[in-house]
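Atoms within a ligand are numbered from 1 in the order they appear, just like the ligands themselves.
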Amino acid sequence: MRQYQGLPASPGVAIGPAWIYNPVKICVNVERIKDPEAEWVRLMSAVNLARNQVQALGERAKVNIGAHEAAIFEAHLEFLDDVDIMAKVRAVIFKQNLNAEAAVKNVFDEFAHELAQIQDEYLAARALDLEDVSHRLLRCLQGESDLETDLLTHPSIIVAEDLTPSDTVQFDKRKILGICTAKGGPTSHTAILARSLGVPAVVSASFDVDDIEIGVITALDGSEGMTIFGPTINELNLAREKKAAWELEREEQVASTHQPATTLDGITPEVVANIGGVEDARKAMELGAEGVGLFRTEFLYLDRTELLEIAEQTSIYRGVMDVLEGKPLVVRTLDIGGDKSVPYLSMTEEQNPFLGWRGIRMVRERPDILYNQFEALLLAGVGADLRIMLPMVSGVGEVQRAREVLEEVRADLNKRGKTQAEKVQFGIMVEVPSAALLADHFAPYVDFYSIGTNDLTQYSLAVDRTNERVAVLASPFNPAVLKLVAMTIEAAHRHGKWVGMCGELAGEPSAVPLLLGLGLDEFSMAPASVPSVKQAIRKWSLERCKEVAREALAMPGSSEVIKYLKGLTPA
Ligand code: PEP
Ligand code: MG
C-alpha cells in the first residue's frame, strides 16, 4: 500500500522526501563486568556526551519554538547531574558488578516508577522526562548517534507514528514541508503545530512507520487528508498541479489579507486570531487579523512551579496590547483542567477530567486566582480595547460569581487610587451545551458570547477530543452542534449582544457560508487561517448564506453537511 487516507489536519499540498521520525528502540543486555572502574569511566563519558546533546537541543528548541518550551531540557540536565541517581548507579556497577547499561536502566526505571506512583500529573510528567534521559544515556553508551532529528538537514515531510511536544521542539521549523502521522486527531498536538507553522498535515493515516522507506518521495494533501508514498509520475504531476494552484491561491489570499473581509452585500464580520502569547499576536497582525478573539492565558501558567505574580501578568498582557495597538483583545481567563493540568494548584487526579474541575468552576474554591488575573488585566488594559471572557461556563451562577469578583477588584483598585481600564466588555465562552440552551439567561450579565466549538463538539456528541479512536466522530459540522451554535446566536441577537466563534470551525473556509448564514459576528482562528477565511467571506452574500445555513441545519449528519458545503458555488 502506498496511498493512505487519513484525516485532514492542516490545509495545503506538500511534496518532498519522507523523513522518518522513528526513535530507536533500546535493547539492554545485562552483563557481569570485571573492571568496575573502567565501566564507571565509560559511563561518565556517556553522561558528558548526553549533557552536550541536551544543551544543544535546549539551544535549538529556544530558536525553533521558544524559551518557555526549551525549559524541559533544563530539567533533563538536572537529572543527568542528580547526585542520588548517580550514587545508586555507581553502587550497582561496583557492588553488583553489572555493566553500565544495566545499572542505568535499573536505577532510572526505579526512580521513574516511584515518581509515577505519586498521584500527581506534574510528577508523572517528570517520570516521562526521566525515561527520556535514560534512553539518551543508553544510546550514548551504545554509541548510537543523537536523535534522528539531527538528520533533518534538508526540507522534508516528517513521517512519524505520532509526535509529542518534546519531539516537535527539536525540529528546525524551516525544514518542515509537511507532517504525516499514523495516529493523532485533528485537534492533536501535531495538528496544532502544523497549523501554527502553516504547513500541510495529515493525521490518523494508519500506516506502519517501519514500512515507509527513508527519503521516499511523498505527496501529501492536507486538505483532503491523503498521503501517497512513492507516487507514480501521473500522481506526482497531479500533486504538483494542486500544489501550484494552492500556492497561487495562498499568495492571493495573503496579498489581500490587510483589506477588510466584506460580503458581496456589504456585511463585514470581524476576523481575528487565537493566540497563546506575544509572538502569536505579532504573527496574527502580520497575517491581517483585526484583533484577537481568544488569548489562551493558561499557557502562561503551565510549566511553572508557582502562580504568576500580578506584576508579571500585567507586563505580559501589556506586551500583547502594545502589539495590537488598540485593536480588540479578548482574553480568556485561566482554563485549566481537562487535558491541561497546573501542578501547583493541588489538582487531584480525576476519573473524567473533562467533566471535572475545569475552567471557571475553580471560582468557588479559588476566587483569588481569578481576582489576581482580573487585577492584572484591569491594570494593563488602560487605553486598550479589552474584552474578558470566562471558559467552560455551564450555569448562570458561575458568571454572577465571577462578576462579583470583578466588581471587588474594581472597588479595591479605586480605593488604592490605581488607574484601571474603564470600558471592558465581559463575555462567556459557549462550549458546554447547557450554556447554548440557556443562552438567553446569560444575557443580563454579558456583553458578548464566544462559541468554542472544540469543546462544544466533544460535550454535545460525547467524544473525547484527545482520543484518536473516536476522532472521526468529533465533527463540528454535525447538525447537533450547528443547532446549538444557531440557538446561541439567535438568543444573543435577541438581546442585542454580539457573538464570536473561537473553536477550530471558525478557521475553516468551507464553513464560512454556514457561519455567515447563522449570523456570526466575529470569526477567531489560528493566525495562518486568517487570509483564507477573509478571502472566503468576500465571495458570499448574506442572503445566499442564510439559505445554506437553513439547508445544512436540516441534514442528518456531519458527512452530509461536509459534502453539501464542498459542492457549493459561492454567490
Ligand atoms: C474551544 O473549546 O473551542 C476552544 C476554543 O477552547 P480550547 O480549544 O482552548 O479548549
Ligand atoms: Mg475549550
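- Looking only at atom types and distance, the side chain of Q400 has a donor-acceptor partner in the side chain of Y445 under 3.5 Å away.
- Looking only at atom types and distance, the side chain of S450 has no donor-acceptor partner in the side chain of R387 under 3.5 Å away.
- Checking D455 against Q458 by side-chain atom types alone, a donor-acceptor pair falls below 3.5 Å.
- Note on ligand 1: E504 sits outside its first shell, no heavy atom being nearer than 4.0 Å.
- When hydrogens are left out, the protein atom nearest atom 7 (P) of ligand 1 is R296 NH2, 3.5 Å; that is the closest non-hydrogen contact.
- Where the criterion is an N or O separation shorter than 3.5 Å, residue side chain and backbone included, D455 meets it with respect to ligand 1.
- The contact set between ligand 1 and C502, taken as ligand atoms under 4.0 Å from a residue heavy atom, comprises 5 (C).
- Geometrically, ligand 1 and R465 share a nitrogen or oxygen pair separated by less than 3.5 Å.
- Counting only heavy atoms from C-beta outward, the side chains of M285 and P527 never approach each other to under 4.5 Å.
- T268 and T262 form a side-chain donor-acceptor contact under 3.5 Å, judged by distance and modelled atom types alone.
- Residue-ligand proximity, L294 to ligand 1, at heavy-atom distances under 4.0 Å covers atoms 5 (C).
- Among protein heavy atoms, the minimum distance from atom 6 (O) of ligand 1 is reached at R332 NH1, 3.0 Å.
- Heavy-atom separations between M429 and ligand 1 include at least one value shorter than 4.0 Å.
- Note on ligand 1: M392 sits outside its first shell, no heavy atom being nearer than 4.0 Å.
- Of all N, O or S atoms in E431, the one lying closest to the Mg ion (ligand 2) is OE1.
- For ligand 1 and E431, the ligand atoms under 4.0 Å from any heavy atom of the residue are 1 (C), 2 (O), 6 (O).
- Its N, O or S atom nearest to the Mg ion (ligand 2) is what matters here, and for D455 that atom is OD2.
- For the pair L379 and V382, the tightest heavy-atom approach, listed with the atom from each and the gap, is O-CG2, 3.6 Å.
- By the 30° and 60° cut-offs, the orientation of the rings of Y317 relative to F295 is perpendicular.
- Between the side chains of W357 and E365, at least one donor-acceptor pair of N or O atoms lies under 3.5 Å.
- Listed by number with element, the atoms of ligand 1 under 4.0 Å from a non-hydrogen atom of R358 are 10 (O).
- Remark: the T181 side chain and the D162 side chain contain no N/O donor-acceptor pair separated by less than 3.5 Å.
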